[in-house]
Protein chains: 2
Amino acid sequence: MKAEIIAVGTELLLGQIVNSNAQYLSQELAALGIDVYFQTVVGDNTNRLAQAVEAATSRADLLIFTGGLGPTQDDLTKDSLASVLGRSLHIDPEAMENVDRFFKDRGIPMTENNRRQALSIDGATPLPNETGLAVGNAIADQGKFYIVLPGPPKEMKPMFEKQAKPWILEHVLSGAMPLFSKMLKFAGIGESALETKLLDLIKEQTDPTVAPYAKEGEVTIRISTKAPNEQEAMEKLDVMEREIASRLPNHLYANIDVPIEKTIVDLMAERGLTLSAAESCTGGLLMEMITAVPGSSAVFTGGIVCYSNAMKEKLLNVPHELLEGENAPGAVSAETAIVLAEEVRQITDTDFGLSITGVAGPSHSERKPVGLVYIALSRRDGETSVYELNLKGSREIIRLRTVKTILYHLWKEIKA
Amino acid sequence: MKAEIIAVGTELLLGQIVNSNAQYLSQELAALGIDVYFQTVVGDNTNRLAQAVEAATSRADLLIFTGGLGPTQDDLTKDSLASVLGRSLHIDPEAMENVDRFFKDRGIPMTENNRRQALSIDGATPLPNETGLAVGNAIADQGKFYIVLPGPPKEMKPMFEKQAKPWILEHVLSGAMPLFSKMLKFAGIGESALETKLLDLIKEQTDPTVAPYAKEGEVTIRISTKAPNEQEAMEKLDVMEREIASRLPNHLYANIDVPIEKTIVDLMAERGLTLSAAESCTGGLLMEMITAVPGSSAVFTGGIVCYSNAMKEKLLNVPHELLEGENAPGAVSAETAIVLAEEVRQITDTDFGLSITGVAGPSHSERKPVGLVYIALSRRDGETSVYELNLKGSREIIRLRTVKTILYHLWKEIKA
């Protein structure tokens, strides 16, 4: 089964937006065991769109289109596909009702061009749009399969997940054993170190297969297997998960695709633990990431961004002698990190107090190098741990790696 | 002049990475006045790569390749292109020296396959790689132009900027008048409201041309003109900038591509003004964005994330009666926002104190709806302003829009 993803939209060709839809659909198709051979981007132009459809039909079995379903004369995807397939378009009554309701609810008169969003290709299965107006389509024609999805990700993703995927499983993959996957998430380890530990599993293409994915500050492994049903798949996946976990016990933090801060918030909420933070060079990034997790208010009460030395003294009681003077350790030091963590924990009366102080760059400070960062974790009735980090990269990357590292150490402390 | 961008790499087809190179190159080509008609992604496979090259050659004048220049047998871009053009490959001596030096400097033995990174197509101009090992290529062949760039953005971008762009200007656009552009940045106004104000300029395709770009929370206008030299271009661009500025005086915050927080930090530093913040529902996002600007320490001293009511009382002296009780306004109220802004300003002794308190969702709080947010700005020896926002969208979008809105109001206060 070969697939091609065709994104339609002049805004992509002008570089106004990045083609994140192609990435999302490629991941989803990979997870279904479908190979994507080409991704194409084409503008809102009838001839070139028809050219792209013909090229893709000649080389792929499944064509997935995104974009070009809107109300304007520039939105041509369904028209072009219908024309290549020698079919006509009609107004889908349910989709039309959805468009009418939208304008009625808002008390806005519907302009005639909005009827275009309810157009469906003759003989296609209409794919309802739960988060927008333009209806999608799924068509089987002469042994090829065509799926038409809207461009905005907030409409495309739910339509793919709820409408197109079940249609693919039923019509395109019918008879084939479905593919089941699990995402394993790792912290505190780089992609290459992790690959080294799992090299035999990755290279031998065992069943389940093991494939690593990396992005800044985190590593993910997808394990996949084909099986007649979910239960049999999960049995195989669980065995592989245990094998991997036994090799990396201090790094595997979740077996679903969540960031580590979500795992931390859930674990701490479950155990009734609370958290606070004092941030210098990261300027609030740690607290921002924790509070981005819905429900974080059960765990996180507050904290302090102490960017200047004066604020470290005033808000967090760091002794002046520690910060300034010829032989003082300075703001970027293990000593200061420890005081910050302990003070913020005491001030907020929380179980854990985290602190970060360092040089994020681009220029150095206190004659200390860019990338030198101290992080500390203070716990109620426990020892305070402090770590020195020597990071490379831009200001943004140093800040992000610092936060990911302290989250990793916090997770290690609470998981036990 | 029609261009096509061809990204080579199986990791793109698996959705492991997003094709940000295509976006970058599309923007750069648009700025040069070159139309991109197609973007294609193809895997590390000789046949399909040759197929993509042939299709692109038949429909475009300029083909830009990214990726597939690495040391392994999977890196096939130059081999495939050479084969389609009927040319051979040779080792480029300067590129080979660069590879040799890299391994020598690190004291690592060079494996033979790394020689592949110094391969150049016969007759091509080698494009040196200043941030990596694989050499790029630029070729003119039978009226068509081919440029081969590495895949990693940190190698691709400098090579495009310093090597490929000058080559395009000299060989592809020679004789044509170069295009000059300026980016105008707007805050506090949505894309459609801004377009309405500039509709005549956008629609009439005046010289300079006016093109809007939008992303979450900010709107950008690119104005472009062709001229024999920079001075003549800038004169025309300046006239258009003044016309646009006169229509949107309270929204145009910069004429270079910077976020509003950068403009704020620069303006405040210039005027010797300082800033602090108290954040509830945004959890540190405002402070994180401000401190992401290099040099922000001249302006920003610190602040407090007061996520819980207890912390609002303890760290920012919000009276208990304001927060709790049957007829209390509650944490999410104009009254609380005002106290937070004034208190954080006084505690940190800064010229401006900003505050944010609201319901970011997904669940409501204090029986107030998701998206209700109060923001306040306190200034030394001045009145405190407070704004009620009613925002829609996910938790992430509500938090981002809140921060962009308060930055907009701060900019308006200091720009005068």
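Below, read A as the first sequence line, B as the second, and so on, with proteins coming before strands; counting in each chain starts at 1. Because only heavy atoms are used, hydrogens play no part in the values below, and waters and symmetry mates are left out as well, while side chains stay in.
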Could you check whether atom CD of B:Glu11 has more than 12 heavy atoms from other residues, nucleotides or ligands sitting under 6.0 Å from it?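 Count over threshold, so yes.
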Quick one: which of [options] has the most heavy-atom pairs under 4.5 Å with chain B, could you say?
| options | result |
| --- | --- |
| A:Lys154, A:Glu396, A:Gln51 | A:Gln51 |
| A:Ser297, A:Cys306, A:Ala292 | A:Ala292 |
| A:Ala30, A:Gly302, A:Pro294, A:Ser20 | A:Pro294 |
| A:Val293, A:Leu315, A:Asn309 | A:Val293 |

Report which part of [X] has an atom under 4.5 Å of a heavy atom belonging to chain B: side chain, backbone, both, or neither.
| X | value |
| --- | --- |
| A:Ile347 | both |
| A:Ala310 | neither |
| A:Val8 | neither |

Mind checking which of residues 278-287 of chain A sit less than 4.5 Å from chain B, heavy atom to heavy atom?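 Interface residues of residues 278-287 of chain A: A:Thr282, A:Gly283, A:Gly284, A:Leu285, A:Met287.
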Identify the heavy atoms of A:Ser26 and B:Gly15 that sit nearest to each other, and give their distance.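 Smallest interatomic distance, heavy atoms only, reads CB-N, 3.5 Å.
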For the student: nearest non-hydrogen atoms of B:Ile17 and A:Gln23, plus distance: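 Heavy atoms only, the tightest pair is C-NE2, 3.4 Å.
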Would A:Asn19 and B:Asn19 count as a side chain to side chain contact (heavy atoms under 4.5 Å, CB included) here? Give the steps. CA-CA 7 Å; A:Asn19 193 3; B:Asn19 193 3; 5.5 Å; no
Could you look at [X] and say if it's the side chain, the backbone, both or neither that has a heavy atom under 4.5 Å from chain A?
| X | result |
| --- | --- |
| B:Arg222 | neither |
| B:Val299 | neither |
| B:Arg399 | side chain |
| B:Ala22 | neither |

Would you check, one step at a time, whether the test side chain to side chain contact (heavy atoms under 4.5 Å, CB included) holds for B:Gln27 with A:Leu14? CA-CA 6 Å; B:Gln27 281 181 357; A:Leu14 288 169; over 6 Å; no
Heavy-atom pair count under 4.5 Å with chain A, highest-scoring of B:Val36, B:Ile6, B:Leu13: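 Result: the option with the highest number of such pairs is B:Leu13.
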Within a strict 4.5 Å, meaning less than it, do heavy atoms of the B:Phe38 and A:Val41 side chains meet?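 SC-SC contact between B:Phe38 and A:Val41 ruled out.
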Quick one: do B:Tyr307 and A:Thr301 satisfy side chain to side chain contact (heavy atoms under 4.5 Å, CB included)? Show the steps, please. CA-CA 5 Å; B:Tyr307 213 52; A:Thr301 57; 5.8 Å; no
Intermediate values then yes/no, side chain to side chain contact (heavy atoms under 4.5 Å, CB included), A:Val305 and B:Phe300: CA-CA 10 Å; A:Val305 177; B:Phe300 179 76; 3.7 Å; yes
OG1/A:Thr10 to CG/B:Asp35 distance, rounded to the nearest 0.5 angstrom?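 Interatomic distance, A:Thr10 OG1 to B:Asp35 CG, rounded to 0.5 Å: 10.0 Å.
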Any donor-acceptor pair under 3.5 Å linking the side chain of B:Gln39 with the backbone of A:Leu12?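 Yes.
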